[in-house]
Amino acid sequence: LLERPGDDSIWNWAEALLEEWGRWIESDGMLPNVLGPSGEPQWESCDATLWWIHSLAALWSIALRDPKREEAFRVRFAGMLQAGIDAIERDRHRHLRLLENGLLEVSGGSTTWMDARIGDRPVTPRVGVLPEIQALWFQALVLAHLWQVRQIPREELARLAAAALSAPLNGEVWLAVSMFLLGLGWN
């Protein structure tokens with residue numbers, strides 16, 4: 001859909017949407033999970049900012065086919081990417097905490113995609129070091145490295161990959177780490 005020759009309307013819509021939501025990250029350090037009827041944000045999402053960065057990476061991967069578009073995309077969103085990472089690292093995010101080993105800890109029991117509650121009690125409380133959060137975090141750091149938003153030594157990325165792989169595993173972590181290693185020629 002995003003690649004129809006001669007029709008940039010879908011691409012422009014996707015970029016505009018990412019930019020609109022990216023402004024929340026720049027101003028508040030994270031994305032709300034819901035906007036109420038009168039536009040008031042609810043701050044109950046640990047992973048919305050990371051999924052926004054995942055969306056950046058996905059759209060950027062399409063932009064790689066056109067060097068001018070790719071450069072314009074990186075320039076447009078590099079500051080927002082940096083703001084999202086900085087907010088997490090500087091403890092501005094309400095539900096994520098950066099641990100000493102570089103992994104993220106989720107602190108809110110109903111702040112992931114499994115956010116169902118009965119009253120104020122989470123139905124499936126998920127806290128701690130969650131594998132999908134580590135995969136998204138790793139992807140965010142690798143994207144920042146690839147965009148040269150920040151220089152992260154290969155050794156540090158490799159250490160973080162090892163830490164992520166030592167956490168409880170599922171396919172998302174393996175996929176993120178594999179993509180990183182293949183992208184840097186470590187195959």
Side-chain angles (χ1 to χ4, degrees), residues 1-4 7-35 39 41-90 92-96 98 103-104 106 108 111-115 126 130-150 152 157 160-161 164 170-180 182-184:
L1 272 176
L2 291 172
E3 301 181 65
R4 292 190 311 209
D7 182 4
D8 284 343
S9 61
I10 297 172
W11 178 270
N12 294 338
W13 170 81
E15 277 192 330
L17 189 63
L18 284 172
E19 186 166 18
E20 180 179 338
W21 285 101
R23 286 192 207 109
W24 283 98
I25 294 169
E26 288 181 319
S27 66
D28 295 282
M30 61 185 285
L31 287 176
N33 60 318
V34 175
L35 296 177
Q42 291 182 13
W43 301 104
E44 298 174 2
S45 174
C46 71
D47 54 3
T49 299
L50 295 170
W51 281 114
W52 177 85
I53 294 172
H54 176 76
S55 299
L56 270 185
L59 204 56
W60 176 65
S61 70
I62 295 170
L64 287 171
R65 296 179 185 152
D66 178 348
K68 288 181 183 178
R69 177 173 272 177
E70 186 275 335
E71 182 179 357
F73 187 85
R74 261 188 305 115
V75 167
R76 183 174 183 177
F77 292 105
M80 291 177 182
L81 171 63
Q82 184 65 47
I85 292 171
D86 285 348
I88 293 167
E89 289 181 335
R90 295 180 181 156
R92 285 186 62 213
H93 197 289
R94 298 172 189 214
H95 305 292
L96 292 174
L98 185 62
L103 300 180
L104 295 180
V106 176
T111 60
T112 69
W113 59 274
M114 296 176 66
D115 63 354
R126 299 187 74 231
L130 305 178
E132 69 272 22
I133 300 302
Q134 306 322 309
L136 291 167
W137 177 236
F138 187 75
Q139 181 186 42
L141 294 176
V142 169
L143 186 63
H145 179 76
L146 292 174
W147 283 12
Q148 299 179 349
V149 168
R150 57 173 42 198
I152 304 171
L157 288 172
L160 183 58
N170 68 13
E172 290 96 354
V173 174
W174 284 107
L175 178 61
V177 171
S178 298
M179 288 173 58
F180 162 68
L182 290 172
L184 292 181

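When reading the values below, keep in mind they use all heavy atoms of this one structure, side chains included, and skip hydrogens, waters and symmetry mates. Positions are given from 1, in the same order as the sequence printed here.
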Rounding to 0.5 Å, atoms NZ (Lys68) and CD (Glu71) come to a distance of 10.0 Å

Indicate whether the side chain of Asp47 and that of Ser45 have a donor and an acceptor atom separated by less than 3.5 Å.
yes

Side-chain touch Asp8/Arg69, heavy atoms, less than 4.5 angstrom
yes

Under 3.5 Å donor-acceptor, Gln148 side chain and Ala144 backbone:
no

Among Ile88, Val142, Leu96, find the residue that satisfies the side chain to side chain contact (heavy atoms under 4.5 Å, CB included) test when tested with Trp137.
Ile88

Work out which heavy atom in Glu44 is nearest to a heavy atom in His95; give both atom names and the distance.
CA-NE2, 3.6 Å

Would you say the side chain of Leu104 lies within less than 4.5 Å of the side chain of Leu50, judging by non-hydrogen atoms?
yes

The reported gap from SG in Cys46 to CZ in Arg94 (rounded to nearest 0.5 angstrom) is 13.5 Å

Are Glu15 and Phe77 side-chain neighbours, meaning at least one heavy-atom pair lies under 4.5 Å?
yes

Any side-chain heavy atom of Val34 sitting closer than 4.5 Å to one from Pro41?
no

CG of Leu17 to CG of Asn12: how many Å apart, nearest 0.5 Å?
12.5 Å

Can you sort out the partners of Glu70 under side-chain contact (heavy atoms from CB on, under 4.5 Å), two or more places apart, ordered by chain and number?
Trp60, Ala63, Leu64, Arg74

List the atom of Leu31, the atom of Ala48, and the distance in Å for their closest heavy-atom pair.
CD1-O, 3.5 Å

Is the closest side-chain heavy-atom distance between Ile53 and Leu136 below 4.5 Å?
no

Which atom pair, heavy atoms only, marks the closest approach of Leu81 to Ala140?
CD1-O, 4.3 Å

Nearest-0.5 Å distance, CH2 of residue Trp24 to OG1 of residue Thr49:
11.5 Å

Indicate yes or no: at least one non-hydrogen side-chain atom of Phe73 is less than 4.5 angstrom from one of Leu56.
yes

Is it the case that more than 12 heavy atoms not belonging to Glu26 sit under 6.0 Å from its CD atom?
yes

With a 4.5 Å heavy-atom cut-off, do Arg76 and Glu19 have their side chains touching?
yes

Close side-chain approach of Met80 to Ile25, heavy-atom, < 4.5 Å
no

Walk me through it: do Trp21 and Trp51 pass the test ring pair (Phe, Tyr, Trp, His ring centres under 6.0 Å)?
CA-CA 11 Å; Trp21 285 101; Trp51 281 114; over 10 Å; no

Can you list everything that forms a salt bridge (charged side-chain N to carboxylate O under 4.0 Å, His left out) with Asp66? Sequence neighbours excluded, please.
none

For Asn33 and Trp43, the nearest pair of non-hydrogen atoms, with its separation, is OD1-N, 4.0 Å

